[in-house]
Structures are given as structure tokens and as C-alpha cells.
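These numbers come from the heavy atoms of this one structure, side chains and all, not from hydrogens, waters or symmetry mates.
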Amino acid sequence: MLPFLTFASGIIAGIVGVKLLKNVKAPQSLGSIGDKARGGLDKAQAGLRDVTVSGLSAIEKSSASLRTKLTPEEPAAPEPTAVPVAKATPRRKVAAKKKATATTAPVDAKPESDS
């Protein structure tokens, strides 16, 4: 009997819910909810962008200060003077050397066996 009461109460609640939804003006309420959601998302995006920019600028400042601390200071070096570059002499072509071939006795493919 208990499962039947649960089933009947679910059907009654469903019928009442459908009748209430038919009476509500859905397009106007959904449009206003959508506008509010878009406005909230735009605000959140702008806030996130501001936080990101400030975080990146803080990282930039800290990396610049660390770079100055870690880079050793070099004494001012005089400007290097221009040294004239001599033209390179063209390379000589090396004559191909012939390899000496050693003469060897031909090797038998099948050695004779004692049989």
C-alpha cells in the first residue's frame, strides 16, 4: 500500500507543477534572468582581467629587480675599434690520391676437406 501512495502523490505533484508552469510567463522571466547572468559574467570577466594584469605587472617588476641583483656589474668597456678583415685566400684543390691496391691470392670458396 505504501508504494501506491508514493506513486499517487508523485502524479499529483506533477500535475500541480505542470499547471503552475503553464501560468507563469516564461519568456519575460527567462529574458531577465539571462540579462542578469550576462551582466554578472561581464563583471566577473572584467574583474578577472584586472587581477591578471596586476599580477603580471607584479611579476614583471619582481623579475626586473631580481635580474638587476643577479647580473654582475661590468666596468664600462671602451668601444671596440673596427679591425680591417683581410680577405681569405682561396683553398687549393687537393689532387685525389690513388689508393695502393694490395695484390692477394684468390681465396677458394669451398676449402677442400679430408674425406
Side-chain angles (χ1 to χ4, degrees):
M1 180 81 176
L2 187 62
F4 178 71
L5 289 176
T6 306
F7 179 72
S9 63
I11 289 178
I12 292 172
I15 292 171
V16 170
V18 169
K19 285 187 178 183
L20 287 174
L21 286 175
K22 285 184 179 180
N23 292 335
V24 175
K25 295 181 180 178
Q28 292 175 355
S29 64
L30 290 178
S32 65
I33 292 172
D35 291 339
K36 288 179 183 179
R38 277 189 216 97
L41 288 174
D42 290 339
K43 286 180 183 179
Q45 185 179 14
L48 182 62
R49 185 178 297 121
D50 292 339
V51 170
T52 304
V53 168
S54 66
L56 289 174
S57 64
I59 290 172
E60 184 179 1
K61 288 177 184 177
S62 66
S63 65
S65 65
L66 286 175
R67 189 178 307 120
T68 58
K69 287 180 184 179
L70 295 176
T71 305
E73 293 184 20
E74 297 178 7
E79 301 246 348
T81 58
V83 177
V85 179
K87 289 186 178 180
T89 58
R91 293 186 178 183
R92 290 186 265 157
K93 293 183 180 179
V94 179
K97 296 182 180 179
K98 293 183 181 179
K99 293 184 179 179
T101 56
T103 57
T104 59
V107 178
D108 290 336
K110 294 182 182 178
E112 294 181 20
S113 63
D114 297 329
S115 47

(request) For Leu70, enumerate each residue passing the side-chain contact (heavy atoms from CB on, under 4.5 Å) test, keeping only those at least two apart in sequence or located in another chain. (result) none
(message) I need the Leu66 CG to Thr71 OG1 distance, nearest 0.5 Å.
(response) 10.0 Å
(request) From the options Ile12, Ile11, Val18, select the one residue that forms a side chain to side chain contact (heavy atoms under 4.5 Å, CB included) with Ile15. (result) Ile11
(request) Kindly write out the residues that satisfy side-chain contact (heavy atoms from CB on, under 4.5 Å) with Glu60, not counting sequence neighbours, or none if the list is empty. (result) none
Side-chain donor-acceptor pairs under 3.5 Å in residues 47-56, sequence neighbours left out?
from	atom 1	to	atom 2	distance (Å)
Thr52	OG1	Leu48	O	2.7
Ser54	OG	Asp50	O	3.3
Ser54	OG	Val51	O	2.8

